[in-house]
Amino acid sequence: MNTLKEKILKLKEEKNAIILAHFYAPPEAQAIADFVGDSFYLAKVAKKTRADIIVFCGVSFMGESAKIINPEKKVLMPDLSADCPMAHMADLKKIKELREEYEDLAVVCYINSTAELKASSDICVTSSNALSIVKRLPNKNIFFIPDKNLGRFVKEQLPEKNIILNDGYCPIHANMKKEEVLRQKKLHPDALILAHPECEKEVCELADFLGSTLDIIDYASESKEKEFIILTEKGVIYELEKSNPDKSFYFVETTPVCPDMKLNSLENILSVLEKEDNEVTLKKDLTKKALIPLERMLEF
Ligand code: 13P
Ligand code: SF4
């Protein structure tokens, strides 16, 4: 009897499929994936792949982005209900109003957003490139959607721009509290604090380093220090421990877990490969419009 893993690997080969997994996907999905990374890395892999089928172990905005970049390919989600609440936290009406108010407005859209929001934006960004992209935009007036925390992180470093913030947030990162971080610091006084910019301001202020999921993993891996307090989703522990068996990683007590990311089980991966269901489908005109800001990001 073949194991789940063997069945997945066999079907993947037969169907010329690849499996992409975000660092927040369950460890078993990361272990079986062809490529594991943060949102930006996975978007770049999706653009380059020659596979016929992409199985995306992430949440819906990631599957949608892969489909927008590759409209001719089959993009399958292990669980179609895996969604990111923040991806919906911006308003098309507000975009329209601000476009009327500011002639040179650039709508900068964090990739953690629906295809509809992307289609109404000028350029997409991820947490690893938001600062450098916004900095290089010629526009002074920027509406940053949907994440107020990543938007604030960019705004603080670019006082020359008028960055208008939106009220969206990631419930997982925003739930990490200053008091809990300080408690970890008291327990592990030598540990460096590495945080994702989706965290709230008072938590970001405690960080020794702020960066995307991949930036955090790279920072911890390259550092001479041995202990780290990690302020992002707990799934990163898989890669952190794999690459750094001699280092220790601590998380806040109220464990930051994104339940949607955890829907990417091996059973679900095998099931989509067998049935080729749970396909990401988007209307053609929406795909075309949402491709423009995504391509601009990849070109930048
Ligand atoms: P990155 O992959 O850009 O670090 O984003 C984190 C995230 O919340 C993905 O859902
Ligand atoms: Fe969305 Fe936050 Fe989950 Fe990322 S961790 S998918 S931003 S809810």
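For ligands, and for the atoms within them, numbers begin at 1 and follow the listed sequence. Keep in mind it's a predicted model, so treat the numbers as computed, not measured. Both backbone and side-chain heavy atoms feed into the values below; hydrogens, waters and symmetry mates do not.
Using a 4.0 Å cut-off between heavy atoms, Phe23 makes no contact with ligand 1 at all. Residue contacts with ligand 1 for Asn112 involve side-chain atoms from C-beta outward but no N, CA, C or O (heavy atoms, distance under 4.0 Å). Residue contacts with ligand 1 for Tyr110 involve side-chain atoms from C-beta outward but no N, CA, C or O (heavy atoms, distance under 4.0 Å). Under 4.0 angstrom from ligand 2, the non-hydrogen atoms of Glu198 all belong to its side chain.
A donor atom on one side chain and an acceptor atom on the other are found under 3.5 Å apart for Asp104 and Asn141.
Counting backbone and side-chain atoms alike, Cys84 contributes no N/O/S atom closer than 2.8 Å to atom 3 (Fe) of ligand 2.
Of all protein heavy atoms, the one lying nearest to atom 8 (S) of ligand 2 is Pro85 CD, 3.6 Å. Distance from atom 7 (C) of ligand 1 to its nearest protein heavy atom, with residue and atom name: Tyr24 CE1, 3.4 Å. Nearest non-hydrogen protein atom to atom 2 (Fe) of ligand 2 is Cys170 SG, 2.3 Å.
Taking 4.0 Å as the cut-off, Asp260 does not count as a neighbour of ligand 2 on heavy-atom distance. Residue-ligand proximity: Met86 is placed with every non-hydrogen atom at 4.0 Å or more from ligand 1.
Each of the atoms 1 (P), 3 (O), 4 (O), 5 (O) of ligand 1 lies under 4.0 Å from some heavy atom of Ser127.
The option with the heavy atom closest to atom 8 (O) of ligand 1, from among Met62, His22, His196, Glu198, is Glu198.
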